[in-house]
Novice: 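One structure, as C-alpha cells, below. Some questions next.
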Amino acid sequence: GKYIFVANHNSLADDVAMAYLYILQRGDGKVAAIARQKPLKDNFIDNLIMDIAAVFSNVFFRIINSYEEGKISKAVEALNKGFCFFNHPEGRVNANPKVMLMAKTGTARIALISKVPVIPIGFIDTEKVLPLNSHFPRFCRLSMNIGKPLKFKEYYGKENDKATLKKITTIIMKEIALLSGKLYPYL
C-alpha cells in the first residue's frame, strides 16, 4: 500500500537507509520525497551518495524541490499515483545527538489530504556513518526502528487548521523521538 515514511534527520546517510527500507517494503521503484534540488554544498560525496542510493537500490526517487511552489499538492499527487513518500519533518540535518529540531507541519497536511498512514522511523547512529561536513562515509553499525502506522481519520478535512496540524505533527514527532532515543521538547 501507500505510506508516508517519516524519520529524524541525523545525516545524509538517512536517505540511503530509507531507500533500503523501501526496497524491503515494496521495491517497485515508486517513491517520492521533498528535498533540496541540490545538496547545500555541491560536493562530490553528497552527490555520490544520492547516486549510489538510486543505482544500487534500483529506486527511482521523484524529488520535489523544497523551494518549489505547490510542493504539498505534488506530494499528494505522487501518493495518489501509487508512490510512497519519504520525509524528514525536521527539514534539515540535525547535528544535535539528543534533541530533535522543531518539525514543520507539511507531513501532517499531506497525511490529512491524501488519507495515507504515516510510518514513523527512528534512526540511531546514522550520523556516525556520514557525519555532518564529512566527505567520506564510515563503516559502522546503525539502527533503524520502525513504528506502527499512524492514522488520523478523526482529523480528515481539517488540513487547513493550524492547531490540528501542529497536534498531528507533535504526535508524529513524539513517536519518532521514542524510536530514535531523542527528545522532542516542543508541544
Side-chain angles (χ1 to χ4, degrees), residues 3-25 31-36 39-41 45-46 49-50 52-53 57 59 61 63-64 66 71-72 75 84-112 116-152 155 162-187:
Y3 296 102
I4 299 170
F5 294 97
V6 294
N8 55 313
H9 203 5
N10 301 331
S11 164
L12 292 175
D14 299 337
D15 298 325
V16 176
M18 286 182 96
Y20 178 71
L21 167 70
Y22 181 74
I23 292 165
L24 294 177
Q25 168 66 29
V31 61
I34 293 177
R36 289 181 179 89
L40 281 175
K41 296 178 182 174
I45 294 300
D46 291 351
I49 288 169
M50 292 305 288
I52 288 171
S57 63
V59 173
F61 288 98
I63 302 297
I64 300 165
S66 63
K71 60 187 168 221
I72 300 289
C84 283
F85 181 71
F86 291 162
N87 198 16
H88 299 288
E90 291 175 282
R92 61 184 171 91
V93 174
N94 178 8
N96 188 327
K98 297 185 191 275
V99 181
M100 298 172 78
L101 299 172
M102 181 180 280
K104 300 177 187 309
T105 60
T107 299
R109 186 181 306 266
I110 292 165
L112 292 181
V116 173
V118 174
I119 298 180
I121 301 167
F123 287 125
I124 301 172
D125 293 337
T126 53
E127 73 279 0
K128 292 178 182 174
V129 175
L130 191 64
L132 201 58
N133 299 320
S134 173
H135 296 290
F136 297 100
R138 298 181 176 113
F139 294 99
C140 58
R141 187 172 291 249
L142 61 89
S143 297
M144 178 181 354
N145 297 319
I146 304 168
K148 293 181 179 176
L150 303 173
K151 298 176 184 174
F152 300 102
Y155 300 107
K162 289 182 181 185
T164 299
L165 294 174
K166 188 169 182 170
K167 181 177 183 177
I168 291 171
T169 299
T170 301
I171 292 167
I172 292 168
M173 295 307 290
K174 293 280 186 182
E175 191 64 29
I176 293 171
L178 286 172
L179 295 166
S180 66
K182 286 188 161 190
L183 177 65
Y184 189 73
Y186 313 101
L187 297 175

Novice: Okay, side chain of His9, backbone of Arg92: is any donor-acceptor separation there less than 3.5 Å?
Specialist: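 Judged by distance alone, no pair lies under 3.5 Å.
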Novice: Could you tell me which non-hydrogen atom of Ala7 sits nearest to which non-hydrogen atom of His88, and how far apart they are?
Specialist: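 Taking every non-hydrogen atom into account, O-ND1, 3.2 Å.
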Novice: Applying side-chain contact (heavy atoms from CB on, under 4.5 Å) to Asn94 and Asn8, what does each step give before you reach the verdict?
Specialist: CA-CA 8 Å; Asn94 178 8; Asn8 55 313; over 6 Å; no
Novice: Keeping the roles fixed (side chain from Lys182, backbone from Gly122), state whether a donor-acceptor pair exists under 3.5 Å.
Specialist: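 Absent.
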Novice: Applying side-chain contact (heavy atoms from CB on, under 4.5 Å), run through Asn145 and Leu178 and close with a yes or a no.
Specialist: CA-CA 9 Å; Asn145 297 319; Leu178 286 172; over 6 Å; no
Novice: Does the side chain of Met173 come within less than 4.5 Å of Glu90's, by heavy atoms?
Specialist: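 Counting from C-beta outward, Glu90 and Met173 do come under 4.5 Å.
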Novice: Can you name the closest pair of heavy atoms from Asn10 and Thr126 and give their distance?
Specialist: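 Minimum heavy-atom separation between Asn10 and Thr126: CB-OG1, 3.2 Å.
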Novice: To the nearest 0.5 Å, what is the distance between CD1 on Ile176 and OG1 on Thr107?
Specialist: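 With rounding to 0.5 Å, CD1 (Ile176) is 7.5 Å from OG1 (Thr107).
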Novice: Are any side-chain N or O atoms of Tyr184 and backbone N or O atoms of Ala103, one a donor and one an acceptor, separated by less than 3.5 Å?
Specialist: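 Yes: the side chain of Tyr184 pairs with the backbone of Ala103.
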Novice: Hey, could you give me the CZ/NZ distance between Arg109 and Lys162, rounded to the nearest 0.5 Å?
Specialist: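 It comes to 8.5 Å.
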Novice: What is the minimum heavy-atom distance between Gly147 and Leu179, and which atoms define it?
Specialist: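 Closest heavy-atom pair between Gly147 and Leu179: N-CD1, 3.5 Å.
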Novice: Mind telling me whether Phe152 and Tyr155 have parallel, tilted or perpendicular rings, with 30° and 60° as the class edges?
Specialist: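 Because their plane-to-plane angle lies in the 30° to 60° range, the rings of Tyr155 and Phe152 count as tilted.
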Novice: For the pair Phe5 and Phe86, name the ring-plane relationship: parallel under 30°, tilted 30 to 60°, perpendicular over 60°.
Specialist: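 Ring orientation of Phe5 relative to Phe86: perpendicular.
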Novice: Testing the basics here: between Pro120 and Glu175, what is the closest heavy-atom pair and its distance to 0.1 Å?
Specialist: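 Shortest heavy-atom contact: CG-CG, 3.4 Å.
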Novice: Main chain of Thr105, side chain of Lys166: is a donor-acceptor contact present, judged purely on distance under 3.5 Å?
Specialist: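 Between the backbone of Thr105 and the side chain of Lys166 there is no qualifying donor-acceptor contact (under 3.5 Å).
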Novice: Do you know the tightest heavy-atom contact between Lys104 and Gly91?
Specialist: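 So the two residues come closest at CE-CA, 4.2 Å.
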Novice: Do you know which of Ile171, Thr170, Thr164 makes side-chain contact (heavy atoms from CB on, under 4.5 Å) with Lys167?
Specialist: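 For Lys167, the side-chain contact (heavy atoms from CB on, under 4.5 Å) test succeeds with only one of Ile171, Thr170, Thr164, which is Ile171.
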Novice: Met144 vs Ile121, test: side-chain contact (heavy atoms from CB on, under 4.5 Å). Steps then yes/no.
Specialist: CA-CA 7 Å; Met144 178 181 354; Ile121 301 167; 3.6 Å; yes
Novice: From Ser11 OG over to Asp125 CG, what is the distance, rounded to the nearest 0.5 angstrom?
Specialist: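 Reported value, rounded in 0.5 Å steps: 11.0 Å.
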Novice: Would you name the heavy atoms of Ile110 and Ala75 that are closest together and state the gap between them?
Specialist: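 Closest heavy-atom pair between Ile110 and Ala75: CD1-CB, 3.7 Å.
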